[in-house]
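Because the structure is a prediction, the values reported are computed rather than measured. Worth knowing before you read on, the calculation uses all heavy atoms, side chains too, and leaves out hydrogens, waters and symmetry mates. Just so you know, ligand 1 is whichever comes first in the structure, and atom 1 is the first atom listed for that ligand.
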Amino acid sequence: MTSLPDSTTTRMSALDDARQQLADAAMHLELPDGTFQMLSYPRRELTVSVPLRLDNGDVRLFVGHRVQHNFSRGPAKGGLRYAPSVDIEEVRALAMWMTWKCALANLPYGGAKGGITIQPRDYSRTELERLTRRYASEIFPIIGPERDIPAPDVGTDENTMAWIMDTYSVASGYTVPGVVTGKPLQLGGSQGRASATSRGVTHVALAALERVGIEQRGARVAVQGMGKVGRDTARFLAASGLRVVAVSDQFGAVQNASGLDVEALCRHLDSTGSVVAAPGSDALERDDLLELDVDLLVPAALEGAIHEGNVDRIRARVIVEGANGPTTTQADRVLNERGILVVPDILANAGGVIVSYFEWVQSNQTYWWSADEVEARLQARILSAWNEVVRLAAERRLSLRAAAMVLAVGRVAQAHELRGLYP
Ligand code: GLU
């Protein structure tokens, strides 16, 4: 009953993983094949040319996408990624995961994602501003506070959001702060948004350690990726008494068995641009970090970090997915068989979009909450999703990923059914 009309790719891509997860949930939910097919494909997607005038006067062409996977529960929501890996299939997978993430956190949103295939660190700030403004004006017809609300993702930040907000507002003729989230505070951003994903990862990681009976104080942690998610996760976990024994970035990894000084490491990262050669650390091969004997592993980089080729060497007892899609379908099966607890991305990293929702609510009402209020509401919402997932997993003897998907897909399918199929 879960057959797809076509299967054009042979290698397992992020999109294959996303569709396989959906197929598993559809089977548990006994979804009609038509509903499954509808949820397997994006509702709408736009691919645009983004010509950029470089600082030296030359023009270079980039390709951008915005994929809106689903609107059944509300406007589409999801980040914008600038990375060399971006292609339409990756954006489709990421958009689908956003639909499930929003539904699982009970946010009134569907899912979307955008991307431009570019290595942003090779371009100046003024070039990135022109690129962003041109992309924003190309996707203008399909975004908006009631349609689709972009946010930061890999390679983008609050400046990117400010430029999109401004471009959209100039074209509209008035200021529209609710068109993006992850804006600078001065432009209507929310307290706590910048560190929200990491706060959420931390809440869920502590709950997961407690569930498997690992003492929080002194628990050994490895964090892959020191970007928007990994960096603050390492800081918050260290502040909670865990021992961060290794971290990595795209250039390499460092370790210290008695615990890295995470604050000193962040200062080193700020001044050199990498964790490599941080004081008080020993060098480690970048990808060996994933295979360390630790209590908790937080993959917080890109898709496919844990795969068929390294899964047998993973020794962590708990994995909390800070990144989107860091575990391939095959690797996920092996981890489950080996009894390693995997907290899935759509639950573990939902803190970012949860506080994006709070920012959108605040922007739309022009009424601002305190940092404490944001943090308390984030904690309550993500732990309530955690409790729902754990309960269903125990009741139906499912992995946490399968349970999270059953809850999320079930909510989206139910919204679709209640609205009915047009015409
Ligand atoms: N890019 C983030 C994610 O993957 C946040 C999306 C949002 O806030 O809309 O969840």
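- Atom CH2 of W97 and atom CD of E303 lie 5.5 Å apart (nearest 0.5 Å).
- In this structure, the side chain of E127 engages the main chain of D55 through a donor-acceptor pair within 3.5 Å.
- A cation-pi contact, defined as under 6.0 Å to the ring centre and within 45° of the axis, links R199 to F236.
- Within 4.0 Å of ligand 1, counting heavy atoms only, the contacting residues are K77, G78, G79, M98, K101, K113, A151, P152, D153, R193, N324, G352, V353, S356.
- In the model, H307 has no side-chain atom that pairs as donor or acceptor with a side-chain atom of T328 under 3.5 Å.
- Here the straight-line distance linking atom OG of S356 with atom CG of L107 works out to 9.0 Å at 0.5 Å rounding.
- At a threshold of 4.0 Å, the pair R243-D295 does not count as salt-bridged, since none of the basic side-chain nitrogens sits closer than that to a carboxylate oxygen.
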